[in-house]
Every structure is written in C-alpha cells, then in structure tokens.
Amino acid sequence: MGIIKTIIVGGEGLTEKQEKIRKLFMYLVSGCLTTAVNWVCYVAFDKLVKADMAVNLFGKEMSPLPFLSHISLTGSRYSDPREA
C-alpha cells in the first residue's frame, strides 16, 4: 500500500526524475478517469433525456445531432425526431 500512496501523493524519497514520471503518470491517469466519467455522464444523459436539441443561430435552425452521432459509444447514428 505504501508504493501506491507514494505514486498518488508523492514522497520525499523520490528523485527528481521519479517525481517527473510520477506527475506525468498521474496526469495521464486523471485524464483517462475524467474522460471515462464524461462518457458515462453523456450516455446516461443521452438515454434519460429525449428532447429536441435544435437551436436557432442567426435565424437558421441547427441541430447538434449530426455532430453527436460521430462520438456515440455504440456507433449507431441518432435519428432526428423531425425526420420521422
């Protein structure tokens, strides 16, 4: 357990190079965890909220659905409720 604590919070016994590697490792781990949490929240929000997301921008109706379909975890495309 002591080595895990040293990796997470650092320690006085680490050399400068070890500390740099530890910081880089923690940066990558926290980035991966943040990305995973964002995906989980996105999927949950996508499944729970079934609202039309079209907005008007400079008098033209725009929908984020074509952009969001490219990042879907399942790879399936969204169907636009207005096309039904």
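Scope of the values below: all heavy atoms of this structure, side chains included, with no hydrogens, waters or symmetry mates. Given the structure is predicted, the values throughout are model-derived calculations rather than measurements.
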Cluster overlap Leu33 with Phe25, hydrophobic side-chain contacts below 4.5 Å | yes
Rounded at 0.5 Å granularity, tell me how far [atom1] in [X] sits from [atom2] in [Y].
X	Y	atom1	atom2	answer
Ile21	Met26	CD1	CE	14.5 Å
Glu12	Glu19	CD	CD	11.0 Å
Arg22	Thr15	CZ	OG1	12.0 Å

What residues, two or more places apart in sequence or in another chain, satisfy salt bridge (charged side-chain N to carboxylate O under 4.0 Å, His left out) together with Glu16?
-> Lys20
